[in-house]
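Okay, structure first, notes after.
One is the number of the first residue; the rest follow in order along the sequence. The shown structure was predicted, so the numbers you read here are calculated from the model rather than taken from an experiment.
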Amino acid sequence: MDKTTLFHKVINLTTSMHQVTHELTKEVKSKAFSVTPVQYRIMELIAVQQPVTLSEICDCLDLSMPNASRELRKLKEKDLCEKVVAVDDKRKHIIRLSEKGQNMMNAAFQGIEAQFLERIQHVSEEDLAQIDFALDVLQSKVFYPAKPPQ
């Protein structure tokens with residue numbers, strides 16, 4: 001296989017993933033969650049990867065340390081996340097969702113899931129199995145492995 005062609009397919013895939021992510025989340029983000037788009041992205045990252053550090057948030061979302069700190073402070077004030085001292089290193093702080101924040105993200109993910117299920121409603125069982133297999137291969141060979149739930 002030509003690796004340059006494969007690379008261009010990956011670029012097209014990641015662009016499409018950004019577009020679909022935007023379509024699936026725009027309704028959820030605009031509903032009564034009272035957070036900005038940047039705050040939602042932070043909460044979504046925390047929900048999927050928690051616990052995370054401030055540096056991980058900055059790196060993953062391409063935010064400066066001061067901007068990420070300011071947005072996290074606002075989320076803490078809304079009681080949507082919490083910052084705690086890491087058990088293994090007292091100098092390090094980890095960030096996780098509060099119960100209220102977790103409930104908010106659970107509701108957001110339910111809305112996204114409903115839109116996703118609508119999007120794939122006419123996909124055959126055989127195609128769904130192929131999609132599932134392809135996602136597993138991409139996750140294990142190209143993308144970062146998912147963090148185990150904490």
Side-chain angles (χ1 to χ4, degrees), residues 7-123 127-128 130-150:
F7 169 74
H8 287 288
K9 285 183 175 186
V10 169
I11 294 299
N12 287 334
L13 174 66
T14 56
T15 300
S16 293
M17 286 173 32
H18 288 296
Q19 290 171 328
V20 170
T21 299
H22 174 71
E23 288 173 16
L24 292 176
T25 62
K26 70 182 173 185
E27 288 297 315
V28 172
K29 289 188 279 191
S30 66
K31 300 240 167 134
F33 289 131
S34 69
V35 295
T36 67
V38 171
Q39 290 170 350
Y40 175 83
R41 286 177 47 222
I42 290 170
M43 291 190 62
E44 188 176 63
L45 174 68
I46 296 169
V48 173
Q49 297 286 321
Q50 69 184 330
V52 297
T53 64
L54 180 60
S55 296
E56 290 171 326
I57 292 171
C58 293
D59 289 343
C60 187
L61 300 180
D62 196 27
L63 296 171
S64 69
M65 195 73 76
N67 285 345
S69 294
R70 181 182 62 250
E71 297 302 332
L72 281 169
R73 181 180 39 78
K74 291 176 183 177
L75 290 170
K76 272 183 67 177
E77 289 169 358
K78 295 177 183 184
D79 191 33
L80 296 173
C81 72
E82 52 195 25
K83 186 165 41 168
V84 295
V85 176
V87 176
D88 60 333
D89 184 350
K90 301 295 183 201
R91 298 168 295 168
K92 186 167 115 179
H93 288 90
I94 57 171
I95 300 152
R96 59 183 178 216
L97 295 178
S98 66
E99 185 175 341
K100 181 179 175 183
Q102 188 64 57
N103 290 338
M104 184 186 116
M105 291 312 298
N106 288 345
F109 288 149
Q110 285 175 350
I112 293 167
E113 181 181 14
Q115 290 183 61
F116 173 74
L117 293 175
E118 185 178 316
R119 190 176 188 94
I120 65 166
Q121 67 182 332
H122 300 296
V123 176
D127 285 346
L128 288 174
Q130 288 180 347
I131 291 167
D132 184 53
F133 177 75
L135 289 171
D136 288 343
V137 171
L138 284 170
Q139 191 73 56
S140 67
K141 305 293 183 190
V142 178
F143 300 111
Y144 295 112
K147 273 188 179 178
Q150 298 283 322

Donor-acceptor contacts, no H, no angles, side chain residues 10-17, under 3.5 Å, sequence neighbours left out:
residue	atom	partner	partner atom	Å
N12	ND2	H8	O	3.3
T14	OG1	V10	O	3.2
T14	OG1	I11	O	2.9
T15	OG1	I11	O	3.0
S16	OG	N12	O	3.1

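T53 OG1 to D89 CG: the interatomic distance, rounded to the nearest 0.5 Å, is 11.0 Å. Here the CE-SG distance, from M105 to C81, works out to 12.0 Å after rounding to the nearest 0.5 Å. The OG1 atom of T25 sits 10.0 Å away from atom CZ of F109, with the distance rounded to the nearest 0.5 Å. With values rounded to the nearest 0.5 angstrom, I94 atom CD1 is found 9.0 Å from Q50 atom CD. Here L72 contributes atom CG and I57 contributes atom CD1; the two are 4.5 Å apart, rounded to the nearest 0.5 Å.
Nearest heavy-atom pair, I112 versus L24, reported as atom, atom and distance to 0.1 Å: CG1-O, 3.6 Å. Contact detail for E56 and P51: the closest heavy-atom pair is OE1-O, 4.2 Å.
With sequence neighbours left out, C60 forms a side chain to side chain contact (heavy atoms under 4.5 Å, CB included) with L45. In this view, E23 and R119 satisfy the salt bridge (charged side-chain N to carboxylate O under 4.0 Å, His left out) rule, not counting sequence neighbours. Considering only residues two or more places apart in sequence or on other chains, L135 meets the side chain to side chain contact (heavy atoms under 4.5 Å, CB included) condition with I131. Under the side chain to side chain contact (heavy atoms under 4.5 Å, CB included) criterion, V87 pairs with no residue, sequence neighbours left out. Residues satisfying the salt bridge (charged side-chain N to carboxylate O under 4.0 Å, His left out) test with R70, not counting sequence neighbours, are none.
In summary, of the residues considered (K100, K76, R96, R73), a salt bridge (Lys or Arg N to Asp or Glu O under 4.0 Å) with E82 occurs for R96 alone.
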L97 vs L75, test: side chain to side chain contact (heavy atoms under 4.5 Å, CB included). Steps then yes/no. CA-CA 9 Å; L97 295 178; L75 290 170; over 6 Å; no
What do the steps show when you test Q39 against K74 for side chain to side chain contact (heavy atoms under 4.5 Å, CB included), and what is the final call? CA-CA 8 Å; Q39 290 170 350; K74 291 176 183 177; 3.5 Å; yes
Any chance you could lay out the side-chain hydrogen bond (donor to acceptor under 3.5 Å, both in side chains) test for Q102 and N106, step after step, and finish with the verdict? CA-CA 6 Å; Q102 188 64 57; N106 288 345; 3.0 Å; yes
I would like to know whether L80 and M43 meet side chain to side chain contact (heavy atoms under 4.5 Å, CB included); could you show each step before the answer? CA-CA 8 Å; L80 296 173; M43 291 190 62; 3.9 Å; yes
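Environment of CD in E99: sparse, with no more than 12 heavy atoms of neighbouring residues, nucleotides or ligands closer than 6.0 Å. F116 CZ: 12 or fewer foreign heavy atoms inside a 6.0 Å radius. Counting heavy-atom neighbours within 6.0 Å of E118 CD, excluding the residue itself, gives a total of 12 or less.
For the residue pair E71 / N67, no side-chain donor-acceptor distance below 3.5 Å is found, with atom types taken as modelled.
For the pair K78 (side chain) and S34 (backbone), a donor-acceptor distance under 3.5 Å is present.
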